[in-house]
Novice: 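Next up is a structure, given as structure tokens.
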Amino acid sequence: MSGLSLKNVSKHFGMLEVIHDLSLDIADGEFAVFLGPSGCGKSTLLRMVAGLEPLSGGEIHIGGKRIDALAPGDRGVAMVFQHYALYPHMTVRQNVAFGLRNIGTKSDEIARKIAAAAGTLEIAHLLDRKPAQLSGGQRQRVAIARAIVKQPDIFLFDEPLSNLDAALRSRTRIELARLHHRLRATMVFVTHDQVEAMTMATRIVVMNQGRIEQVGAPMEIYLQPATRFVASFIGSPAMNFLAATPTGDANGRIMVRLADGTTVATAIPAAALPASGPFTLGVRAEHVLPGAGSPARVDVVERLGERTLVHALANDGSTIVYDEPGDVAPAIGDHIQLTIDPAHVHLFDAAGRAYHADRIA
Amino acid sequence: MSGAASSGIGRPSWANLLFVLPYMLVLAVLLIAPVGLGMWLSFQDYDMLGGWAGGVGFENFTNLLNDRIFLGTVRNTVIFVVLTTPAFIVIGLFLALSLNDRTRRSSALRSIFFGASVLSVTIVTLVWRLVYLPDRGLLADTLAIVGLHGLDPVVSETYALPAIAVVTVWWIIGLPMTLFLAALQQIPAEIYEAAALDRTSRWRTLLFITLPSIRRTVVMVAVLEIILQFQLFGQALLITGGGPNNRSRPMVQFIYEAGFRDLQLGFAAAASQILFALMLLAALAQMWLGRRQDGAS
Ligand SMILES: Nc1ncnc2c1ncn2[C@@H]1O[C@H](COP(=O)(O)OP(=O)(O)OP(=O)(O)O)[C@@H](O)[C@H]1O
Ligand SMILES: [Mg+2]
């Protein structure tokens, strides 16, 4: 039993309010990812859980026990820092053993734990080196080993992959997911990289400016973003946003007209929407289909290898990005026609709140 | 390797010499030439009044090694270095650790401790003469409280040198403190955070995180202080004049008196060579020790 629970947590640095009255429950064994743009307060929140930053208000509980007044070492958490924070003058072995020595663990037990962790993370051959003699990826494994041997209730990771190259990052992602599965420990992982969040999380906490925008499973957040911010932040390329005016309903589903005059018969229940106000229609690139439909002109073609993204300009000048399904992409300046798949559009009201079609189970 | 040579990077170029030439010239005229001259002088019989009376081989050195007063000054100087250098390290480090934060109080205290270094040796010795004043000085008054009377360190064979050491440490503790502060601020905060999460006690943090991180600075301060304190002169001259019974006379005072009072330049130069050799040996030993630990840890 080692869930994490934040209750009305707030934080300000002087006059600057960084975390606003934030509440969140993370269940035992979850892999929770705090995802948000730079400066939104992810690290601050994590450091408050670790005890490295005092709270301005609220409570933090781990496994049902209030811990926000305890010293960092007494909270049952282990942290992997972005820059690893290994002790530079100690060997890898000493680095990993240090925390165990501090609490008086017996030497043979320390040796056993180090051997086990070294095996898991494949660092057995590095144990007698100093951190300066390791590559970034190796240092990162050592930092994880140092966390593992403590057998904490909760692992905290602050962007531990951001210093790795792309190939190593994707490999480490998979290894971390595997590690989580094996240890069944609660993990909290901070990142601004949505791919990391989508691939590893059991639950994603999307943050923006010190507030939680949405908490949900990865696909839930992808398919049903709660706000326009989440919709724009998750998914690559970013969702297309087009101004939309409601024109009535058909069978209880709202119909909207876009700025270029196209009418889209959405699958969103009309009753859910507020009576009036400007709306924005959101649709992902894969749900914009070339062929028949409204006229547009090709502006940019992005070839990504496994897919090709085409940026097209509609009649009214708005940009729409779509996934070109064919092998032959159109050339810049080509005139094409686009249709929006009405089953997959979202509407956002002026406050950014999202309205979706009922989910097809 | 051979590829690098043809690219021009890493290949010595005579043009580079041009940039260091002005410095080299000044160095040669003001440092290397006098050192060479001093070495040459130490093997001559050179009297300022009598003039140059030719080379005498090692006679100046053998005379020195048979001179009880000179040997006493060597002993005094070494004792002084042994008294002050560890004090500079321990007290300097203690001050740096205590004042390594952003509070106003610490910043004020840092300025005060460093402030004393700015004073000239005459002012400092004057202040301490008052402290050491028999019967009325701060030291005498303080000792009187615990019932000790009549202790005047300035005229005590046992306490004269330690009294000068205390003055010296008080005077220039600011420099080691500042060097240690600079080193402490280089230690990344994340390491201390990791240590806090590792439940490291304050004592173990000092021992296993802080000290190893500033070991180079400790060695540097030690070497610096050894070199500086071997050159003890002003404080001793002004507080005790080298007495009582030569018990606080340092080597530099001996050299000064031999050269400038007795005008025996060759003899004084030979004593300088011995001082130089001692300083070099001590500093090398210290650096060697530091490097050995580097490899061992
Ligand atoms: N010690 C501090 N003093 C003042 N402001 C701070 C301090 N630490 C963080 N902040 C501010 O708090 C906000 C949140 O910072 P935080 O480090 O939590 O961001 P983050 O979400 O981790 O961003 P990144 O992805 O860039 O690491 C930022 O606006 C930052 O400027
Ligand atoms: Mg951060």
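Within every chain, numbering begins at 1; the chains are lettered A, B, ... in the order of the sequence lines, protein sequences first and strands thereafter. Owing to the predicted nature of the structure, the values given are computational and were not obtained by experimental measurement.
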Novice: Which of residues 175-191 of chain A get closer than 4.5 angstrom to chain B, counting heavy atoms alone?
Specialist: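 So no residue qualifies.
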
Novice: Restricting to pairs with a member in residues 55-65 of chain A, which pass salt bridge (Lys or Arg N to Asp or Glu O under 4.0 Å), not counting sequence neighbours?
Specialist: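 The answer is A/Glu59-A/Arg66.
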
Novice: Roughly how far, to the nearest 0.5 Å, is the CZ atom of B/Phe208 from the CG atom of A/Asn102?
Specialist: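 Rounded to the nearest 0.5 Å, the CG-CZ separation comes out at 8.5 Å.
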
Novice: Which heavy atom of B/Glu190 sits nearest a heavy atom of A/Gln82, and at what distance?
Specialist: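 Between these two residues, the closest heavy atoms are OE2-N, 4.3 Å.
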
Novice: Quick one: pull up OH in A/Tyr84 and CD1 in B/Ile191 and give me the separation to the nearest 0.5 Å.
Specialist: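 One gets 14.5 Å once the value is rounded to the nearest 0.5 Å.
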
Novice: CD of A/Glu17: more than 12 outside heavy atoms within 6.0 angstrom?
Specialist: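 It does: A/Glu17 CD has more than 12 such atoms within range.
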
Novice: For A/Leu86, is it the side chain, the backbone, both or neither that has a heavy atom under 4.5 Å from a heavy atom of chain B?
Specialist: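 The answer is the backbone of A/Leu86.
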
Novice: Check whether more than 12 heavy atoms from other residues, nucleotides or ligands sit under 6.0 Å from atom CZ of A/Phe13, and answer yes or no.
Specialist: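 Counting neighbours around CZ of A/Phe13, more than 12 heavy atoms of other residues, nucleotides or ligands fall under 6.0 Å, so yes.
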
Novice: Could you go through B/Leu197 and A/Arg146, starting from their C-alpha distance and side-chain angles, then the distance that decides it, and tell me whether this counts as side chain to side chain contact (heavy atoms under 4.5 Å, CB included)?
Specialist: CA-CA 11 Å; B/Leu197 282 160; A/Arg146 188 170 68 175; over 6 Å; no

Novice: Tell me the salt bridge (Lys or Arg N to Asp or Glu O under 4.0 Å) pairs involving residues 69-92 of chain A, sequence neighbours left out?
Specialist: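 Non-adjacent pairs meeting salt bridge (Lys or Arg N to Asp or Glu O under 4.0 Å): A/Asp74-B/Arg199.
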
Novice: Which pair of non-hydrogen atoms, one from A/Ala85 and one from B/Ala194, has the smallest distance, and what is that distance?
Specialist: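 Distance-wise, the nearest heavy atoms are O-CB, 3.8 Å.
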
Novice: With a 4.5 Å heavy-atom cut-off, do A/Leu52 and B/Tyr192 have their side chains touching?
Specialist: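 Result no, sub-4.5 Å side-chain heavy-atom pair not found.
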
Novice: In terms of heavy-atom contacts, does CZ of B/Phe233 have more than 12 from other residues, nucleotides or ligands at under 6.0 Å?
Specialist: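 Enclosed: over 12 neighbouring heavy atoms sit under 6.0 Å from CZ of B/Phe233.
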
Novice: Which atoms of A/Ala50 come close to chain B, meaning under 4.5 Å heavy atom to heavy atom: side chain ones, backbone ones, both, or neither?
Specialist: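 Looking at A/Ala50, backbone and side chain both touch chain B.
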
Novice: Using a strict cut-off of less than 4.0 Å between a Lys/Arg side-chain nitrogen and an Asp/Glu carboxylate oxygen, indicate whether A/Lys150 and B/Asp198 qualify as a salt bridge.
Specialist: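 Salt bridge flag = yes for B/Asp198 with A/Lys150.
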
Novice: Which salt bridge (Lys or Arg N to Asp or Glu O under 4.0 Å) pairs, counting each pair once, include a residue from residues 43-57 of chain A, with sequence neighbours left out?
Specialist: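 Residue pairs with at least one partner in residues 43-57 of chain A: A/Arg47-A/Glu53, A/Arg47-B/Glu193.
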
Novice: Heavy-atom distance under 4.5 Å to chain A: side chain of B/Ser201, backbone, both or neither?
Specialist: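 Looking at B/Ser201, nothing touches chain A.
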
Novice: If I take atom NE2 from residue A/His89 and atom CD1 from residue B/Ile214, how far apart are they, to the nearest 0.5 angstrom?
Specialist: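 A/His89 NE2 to B/Ile214 CD1: 11.0 Å, rounded to 0.5 Å.
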
Novice: Side chain from CB out, backbone as N, CA, C, O: work out which of these in B/Ala189 comes under 4.5 Å of a heavy atom of chain A, or both, or neither.
Specialist: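 Contact with chain A involves no heavy atom of B/Ala189 at all.
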
